[in-house]
Structures are given as structure tokens and as C-alpha cells.
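One structure, as C-alpha cells, below. Some questions next.
These figures come from a predicted structure and were not determined experimentally.
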Amino acid sequence: MNSSNTAENQRLKKADAYISRCLRGYSADADEMRFQLLEAASARIGGYDHNAFRAHFQVKDHLPPEHLFADAKTLVQLLDETDIHPALCLSALAREALDHAAQRHSGAYHPDFRLALHLANRVEPHLREGVKVIDPACGAGMLLTAVSVVACGPDRILASEWLRNSVFAADLSPHALRGTRIALAALTDDLDTIIAMDSH
């Protein structure tokens with residue numbers, strides 16, 4: 001997560017600090033450990049099988065999965081306190097940290113969750129069965145996650161169908177795509193849906 005002082009960052013400050021505490025001592029693999037903790041939180045929120053997810057996506061153990069899953073319990077509680085949909089929180093927390101120069105060089109700017117939800121609400125009338133939503137520069141998936149939240153609400157069955165058939169993403173960064181998968185996976189308890197979604 002970047003260090004700017006936005007309202008989003010203020011709401012996520014405790015969660016981000018908790019992640020930093022959990023990762024203390026893993027500086028060589030800090031990014032990987034952060035992703036693994038966020039994946040565990042996504043599994044807790046979505047309800048899918050964390051161990052099966054790790055096996056399918058060939059996540060290499062840096063810590064025992066049960067340790068990550070226990071740390072993720074506290075993280076999910078902190079996300080619940082933000083008054084932001086937890087999948088949107090995961091997207092924000094999975095963003096690659098870019099300073100101003102890196103942003104200018106790459107053209108990568110991350111939308112705040114409020115902007116993403118505003119845009120998603122504007123296109124809501126068009127979000128029907130069979131529609132395809134494509135983000136060709138998805139970053140950590142904030143826009144796709146917001147559109148999915150608006151399209152499906154709390155309906156897990158609808159979310160599974162939506163993620164399996166309607167969501168398409170691309171990005172030059174594999175880290176960004178992993179962040180997108182983390183955020184969207186929190187919307188379903190079906191690992192097969194996550195695997196199908198990941199294929200596109």
C-alpha cells in the first residue's frame with residue numbers, strides 16, 4: 001500500500017500496520033509474505049479451501065499455512081472495522097507500492113475505493129447476465145472488484161457465476177494480477193470458480 005494520506009489509507013492504517021508487524025523479520029521475501037497473508041485473509045472472507053488454493057497456485061510455504069490462517073483472522077477483523085467492503089480492502093492492500101517517479105514512469109495510478117464504487121454504480125444498469133467486464137490495466141483489481149460487488153451484492157451463487165463468466169483482466173505486472181485474484185476470490189467460496197476466473 002502506498003504511503004499517501006488519503007481517506008482510504010487512513011481507514012486501512014491499522015490493517016496495514018498489522019501486516020507490517022506480521023511480516024517483521026521477512027524482509028527478503030516481504031512482498032511474497034504480504035501476498036500470502038492477504039491470500040489467507042481472502043480465503044477466510046470467501047470461505048474457500050485455503051490449502052487447496054495454495055496447492056493449485058503453487059504457493060511455496062514461507063510459514064506454515066495454519067500460522068498464516070491464524071494471522072489472517074485478526075486481519076479480517078481489522079478490515080471489518082474499516083467500513084469498506086473487505087474485497088476492496090484486499091485490493092488496496094495488495095497494490096504495489098509506487099513512489100511518484102515510478103507512477104509517472106509506468107503510468108500506474110490506483111483508484112481509491114470510493115471512485116471505483118462510484119464508477120461501478122454508474123454502470124450498474126448494464127451489469128446483467130452475459131455481459132463481459134474487461135480491465136486491460138487492472139492493477140490490483142480495484143475497479144473489477146467494485147463492479148463485481150455492485151453486480152452481485154452479497155449473493156455468493158451469483159458472484160460465482162459472475163466471476164467464472166464475466167470478469168476479464170490484464171496487467172503487465174504479475175504482482176498486480178495476483179492482487180486482483182486475491183480481491184476477487186474473497187467474493188466466492190468456490191475454488192473452481194477462482195481457477196476458472198484466473199484463466200482469463
Side-chain angles (χ1 to χ4, degrees), residues 12 15 19 34-59 65-66 68-95 111 113 116-117 119-121 123-124 126-136 138-171 174-200:
L12 290 169
I19 292 169
R34 184 179 188 90
F35 279 126
Q36 289 190 23
L37 181 56
L38 293 174
E39 284 166 346
S42 178
R44 276 196 171 275
I45 293 164
Y48 57 86
D49 185 325
H50 181 232
N51 289 325
F53 176 94
R54 290 170 62 83
H56 178 80
F57 291 106
Q58 301 175 348
V59 178
E66 59 275 9
L68 283 170
F69 206 61
D71 286 346
K73 181 178 181 181
T74 301
L75 177 57
V76 170
Q77 290 167 346
L78 291 169
L79 299 183
D80 287 342
E81 295 173 9
T82 65
D83 200 29
I84 302 172
H85 191 286
L88 296 172
C89 291
L90 291 174
S91 176
L93 292 167
R95 289 177 183 141
F113 81 95
L117 284 172
L119 293 172
N121 284 316
V123 299
E124 182 178 16
H126 306 286
L127 303 178
R128 57 190 179 278
E129 187 177 346
V131 75
K132 306 286 187 223
V133 179
I134 303 164
D135 188 342
C138 64
M142 183 63 77
L143 289 171
L144 286 173
T145 304
V147 167
S148 298
V149 166
V150 168
C152 304
D155 187 333
R156 293 292 180 132
I157 296 170
L158 178 59
S160 289
E161 286 303 308
W162 173 264
L163 295 173
R164 185 182 293 268
N165 300 307
S166 297
V167 176
F168 294 80
D171 201 279
H175 284 91
L177 290 171
R178 189 171 179 184
T180 299
R181 183 176 66 214
I182 287 168
L184 291 170
L187 301 176
T188 183
D189 60 1
D190 184 355
L191 181 58
D192 289 339
T193 290
I194 297 167
I195 292 167
M197 174 191 73
D198 189 69
S199 72
H200 46 78

Exercise. Kindly indicate, with the supporting measurements, whether the criterion side chain to side chain contact (heavy atoms under 4.5 Å, CB included) is fulfilled by Val59 and Arg178.
Key: CA-CA 11 Å; Val59 178; Arg178 189 171 179 184; 4.2 Å; yes
Self-check item: Heavy-atom pair with the smallest gap, counting every atom of Leu37 and Ala72
Solution: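 In this case the closest contact between Leu37 and Ala72 is CD1-N, 3.8 Å.
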Quiz item: Can you name the nearest heavy-atom pair linking Val76 to Ala41, along with the distance?
Solution: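 Smallest heavy-atom distance, with atoms named: CG2-O, 3.8 Å.
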Quiz item: Arg181 versus Glu39: any side-chain heavy-atom pair under 4.5 Å?
Solution: yes
Quiz prompt | Close side-chain approach of Arg95 and Met142, heavy atoms under 4.5 Å | solution =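 Yes, their side chains come closer than 4.5 Å.
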Practice problem: Please work out whether the ring planes of Tyr48 and Phe53 are parallel, tilted or perpendicular, with thresholds of 30° and 60°. | Solution: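 Rings of Tyr48 and Phe53: tilted, as their planes differ by 30° to 60°.
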Quiz prompt | Residue among Arg156, Arg164, Met197 satisfying side-chain contact (heavy atoms from CB on, under 4.5 Å) with Asp190 | solution = Arg164
Quiz prompt | Pairwise distance CG(Leu90) to CD1(Ile84) - rounded to 0.5 angstrom | solution =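 It comes to 11.0 Å.
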Quiz item: Hey, are the side chains of Leu79 and Ile45 touching, using non-hydrogen atoms and a 4.5 Å cut-off?
Solution: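 Yes, at least one pair of side-chain atoms sits under 4.5 Å.
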Exercise. Quick one: list whatever passes side-chain contact (heavy atoms from CB on, under 4.5 Å) with His175, sequence neighbours left out.
Key: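 side-chain contact (heavy atoms from CB on, under 4.5 Å) list for His175, sorted by chain: Phe35, Glu96, Ser173.
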Quiz item: Between atom CD of Glu161 and atom OG1 of Thr188, what is the distance when rounded to the nearest 0.5 Å?
Solution: 9.5 Å
Self-check item: Exam field: side chain Asn121 to backbone Leu117, donor-acceptor pair closer than 3.5 Å
Solution: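 Confirmed, Asn121 side chain pairs with Leu117 backbone.
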Quiz prompt | Heavy-atom side-chain contact between Leu184 and Val167 under 4.5 Å | solution =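 Of all side-chain heavy-atom pairs linking Val167 with Leu184, at least one is under 4.5 Å.
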Quiz prompt | Rounded distance [0.5 Å steps], NE2 in His56 versus CG in Leu191 | solution =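 Going from the NE2 atom of His56 to the CG atom of Leu191 covers 7.0 Å.
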Exercise. Any chance you could lay out the side chain to side chain contact (heavy atoms under 4.5 Å, CB included) test for Arg34 and Leu93, step after step, and finish with the verdict?
Key: CA-CA 9 Å; Arg34 184 179 188 90; Leu93 292 167; 3.9 Å; yes
Practice problem: Specify the closest pair of heavy atoms between Ser160 and Thr193, including all atoms of both residues, with the distance to one decimal. | Solution: O-CG2, 3.3 Å
Quiz item: Is any side-chain heavy atom of Thr82 less than 4.5 Å from a side-chain heavy atom of Leu78?
Solution: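 No, too far: nothing below the 4.5 Å cut-off.
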Quiz prompt | Residue pair Arg54 / Pro65: nearest heavy atoms and the distance that separates them | solution =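 Between these two residues, the closest heavy atoms are NE-CG, 3.6 Å.
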Exercise. Working to the nearest 0.5 Å, report the span between CG of Leu38 and CG of Leu75.
Key: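 These two atoms lie 6.5 Å from each other.
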Practice problem: Show your reasoning for whether side chain to side chain contact (heavy atoms under 4.5 Å, CB included) applies to Val147 and Leu143. | Solution: CA-CA 6 Å; Val147 167; Leu143 289 171; 5.5 Å; no
Quiz item: In Å, rounded to the nearest 0.5 Å, how long is the span from CH2 of Trp162 to CG of Asp155?
Solution: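 Atom-to-atom, Trp162:CH2 and Asp155:CG are 13.0 Å apart.
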Quiz prompt | Whether Asp171 side chain and Gly139 backbone form a donor-acceptor pair below 3.5 Å | solution =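 Pair found, side chain donor or acceptor close to backbone of Gly139.
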Quiz item: Is there side-chain contact between Leu187 and His85, with at least one heavy-atom pair below 4.5 Å?
Solution: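 Touching, per the 4.5 Å side-chain cut-off.
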Quiz item: Is there a donor-acceptor pair closer than 3.5 Å between any side-chain N or O of Ser42 and the backbone N or O of Ala183?
Solution: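 No; zero donor-acceptor contacts below 3.5 Å.
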Self-check item: Shortest non-hydrogen separation from Ala40 to Leu68 and the atoms involved
Solution: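 Scanning both residues, the minimum pair turns out to be CB-O, 3.8 Å.
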Quiz item: For the atom pair CG (Leu144) and CD1 (Ile134), what is the distance rounded to the nearest 0.5 Å?
Solution: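 Taking CG in Leu144 and CD1 in Ile134, the distance rounds to 9.5 Å.
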Practice problem: For residues Leu177 and Cys138, report the shortest heavy-atom separation together with the two atoms involved. | Solution: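 Shortest heavy-atom contact: CD2-SG, 3.6 Å.
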Exercise. Would you sort out whether Leu127 and Val133 count as a side chain to side chain contact (heavy atoms under 4.5 Å, CB included), showing the intermediate values?
Key: CA-CA 9 Å; Leu127 303 178; Val133 179; 4.2 Å; yes
